[in-house]
Amino acid sequence: MSKLQPARGTRDIYGVEARNMTCVVDTFRRVAGTYGFEELATPIFEFTEVYKRPLGEASDIVSKEMYTFEDRGGEELTLRPEFTAGVCRAFISNGMQQNLPCRLMSYGPAFRYERPQKGRYRQFHQINAELLGQDTPEADIDMIAMAWRLLRELGLGEKVVLHLNTLGDKESRTAYKEALVTYLNKFKGDLSEDSQRRLESNPLRILDSKDEGDKKIVTDAPKLSDHLNETSLNFFETVKKGLDIVGVPYIHDERLVRGMDYYCHTAFEFVTTELGAQGTVLGGGRYDGLIEQLGGPATSGVGWAGGIERLAMLADVGEAPERPVVIMPMGEAATFKAFEIAEMLRNKGLTVTADRSGNMKKRMNRADKANAAFAIIIGDNELEQGTAMLKRLDDGTQSEIAFADIAAAIQFN
RNA sequence: GCGGGUGUAGCUCAGUUGGUUAGAGCGCCAGAUUGUGAUUCUGGAUGUCGCCGGUUCAAAUCCGGUCAUUCGCCCCA
């Protein structure tokens with residue numbers, strides 16, 4: 001291995017992987033576009049406060065995973081660990097509440113200081129969609145329907161399962177938290193170390209614990225669904241009804257909670273079993289208090305983020321690049337003629353490259369490797385007669401064609 | 001942050017109880033064919049055996065550390 005390695009948890013993306021990832025983004029932009037979403041590109045770093053406040057001081061992301069630094073001007077900055085907070089900040093900064101509801105799509109890199117694993121990197125890439133200013137469950141349905149459409153278009157309809165839950169509104173969640181902590185405190189000594197810590201910081205997370213002992217205790221724990229007030233219940237019922245009508249299959253997963261503090265009501269994750277420990281491929285939910293918390297006008301929001309690497313690994317749908325036409329000028333005069341012809345062919349939308357070095361054998365060899373469909377050979381003979389040799393590489397046939405007729409003679413089968 | 005696996009050519013991997021000049025396939029380069037590829041034939045180069053140190057007459061091989069990667073925990077997309 002070379003000494004020039006990329007930093008831990010980062011990597012170079014090229015070839016099929018790059019194509020697959022681009023395809024995920026393209027599909028996302030197209031699908032989100034059909035739901036009326038418009039692009040928003042926020043900065044890759046923000047004042048640390050933007051992430052610290054909404055995510056919660058106790059969250060793993062803030063407490064140990066952010067890339068935070070002081071710049072030369074002494075500002076406390078953080079590389080974005082996720083999209084939602086930055087999008088909400090942009091919403092406030094630009095006065096977007098003037099025009100609700102606001103449908104915003106973003107994509108790009110995000111950064112978390114985590115232990116790298118397959119499908120988990122320190123620099124990773126997300127697609128992100130947020131719908132702001134619509135507090136009714138219909139918005140949640142739209143968002144999930146959009147995610148489902150995207151996943152199906154990526155060919156993942158069979159590989160992914162929607163886990164759906166509700167966290168209830170604030171009143172329900174507070175009541176439930178109280179009941180849960182009271183129950184769990186009875187078993188405090190038997191809980192895993194992690195869960196004992198969570199009892200203080202984020203008790204809902206204990207429901208999600210993979211520790212066998214915890215699982216047993218959790219089995220008889222009070223259920224969130226028994227503590228939902230009528231508003232929360234109706235909200236959730238409407239979401240489920242909507243999903244049924246749109247045709248999105250789901251399972252109600254009572255143990256599904258979210259890592260970020262700002263979520264309420266709907267929480268969901270599309271999960272796969274094909275990526276080892278990194279099962280979640282796309283996840284999100286509702287976050288009605290977030291914008292207000294950031295200092296903006298009270299505005300509700302629903303959103304989700306998808307992991308581009310994870311989606312790309314599952315989907316493997318990147319299109320092969322267009323087959324090029326390769327021009328091979330065999331002398332100085334022909335070299336300049338080749339520019340002319342190349343531009344002419346590009347005007348017709350063809351992919352054209354020129355190979356100006358090496359003998360013909362080498363050039364043919366390279367053309368073959370580039371999966372070229374045609375080679376255009378221009379030498380002194382041809383130049384004199386105003387023609388080029390057009391060779392179809394799939395079957396080896398070739399013929400002399402007048403310069404003006406080349407574009408018409410190139411037919412892909 | 002914790003625990004396990006792995007690290008040999010550009011890629012995928014062999015390499016015996018430590019033993020002399022470290023191998024294969026693919027790919028790459030050259031020639032057979034000076035203006036014609038993908039097939040075939042012939043020839044060639046693959047290299048700090050991840051890195052640093054230790055044990056030993058002798059280390060790709062054993063030991064320690066370190067870096068990277070991978071799997072699990074944790075967390076999440």
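Each chain gets a letter, A, B and so on, in the order its sequence line appears, and its residues count up from 1. Everything numeric here is computed off the predicted structure, so don't read it as measured data.
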N/O donor-acceptor pair, side chain A:R310 with base B:rC76, under 3.5 angstrom: yes
State the pairing partner of B:rC75; accept Watson-Crick or G-U wobble contacts with both distances under 3.5 Å, and report none otherwise. none
Ring centres under 6.0 angstrom apart (A:F111, A:F124): no
Do the side chains of A:R323 and A:D394 get close enough for a salt bridge, i.e. N-O under 4.0 angstrom? yes
Between A:F28 and A:Y107, what is the ring plane arrangement, given parallel below 30°, perpendicular above 60°, and tilted in between? perpendicular
Counting only pairs under 3.5 Å, give me each side-chain donor-acceptor contact of residues 380-393 of chain A, with atom names and distances, residues two or more places apart or in other chains.
| from | atom 1 | to | atom 2 | distance (Å) |
| --- | --- | --- | --- | --- |
| A:E382 | OE1 | A:G379 | N | 3.0 |
| A:T387 | OG1 | A:E400 | OE1 | 2.8 |
| A:R392 | NH2 | A:Q411 | O | 3.1 |

Under 3.5 Å for both donor-acceptor distances, Watson-Crick or wobble: does B:rA32 have a partner, and if so which one? B:rU40
Whether A:R122 and A:E114 form a salt bridge (side-chain N of Lys/Arg under 4.0 Å from carboxylate O of Asp/Glu) is what I want to check. no
So A:N128, base contact, sugar-phosphate only, or nothing? Heavy-atom distance under 4.0 Å. nothing
Just checking A:G283: base, sugar-phosphate only, or nothing, at a heavy-atom cut-off of under 4.0 Å? sugar-phosphate
Between A:D288 and A:R286, is there a side-chain N and carboxylate O pair less than 4.0 Å apart? yes
Identify each atom pair where a protein N or O and an N or O of nucleotides 25-32 of chain B are less than 3.5 Å apart, giving names and distance.
| from | atom 1 | to | atom 2 | distance (Å) |
| --- | --- | --- | --- | --- |
| B:rC28 | OP1 | A:K369 | NZ | 2.7 |
| B:rA30 | OP1 | A:K362 | NZ | 2.8 |

Which nucleotide, in any strand shown, forms a Watson-Crick or G-U wobble pair with B:rA68, with both distances under 3.5 Å? B:rU6
Any donor-acceptor pair under 3.5 Å joining the side chain of A:K391 to the base of B:rU36? yes
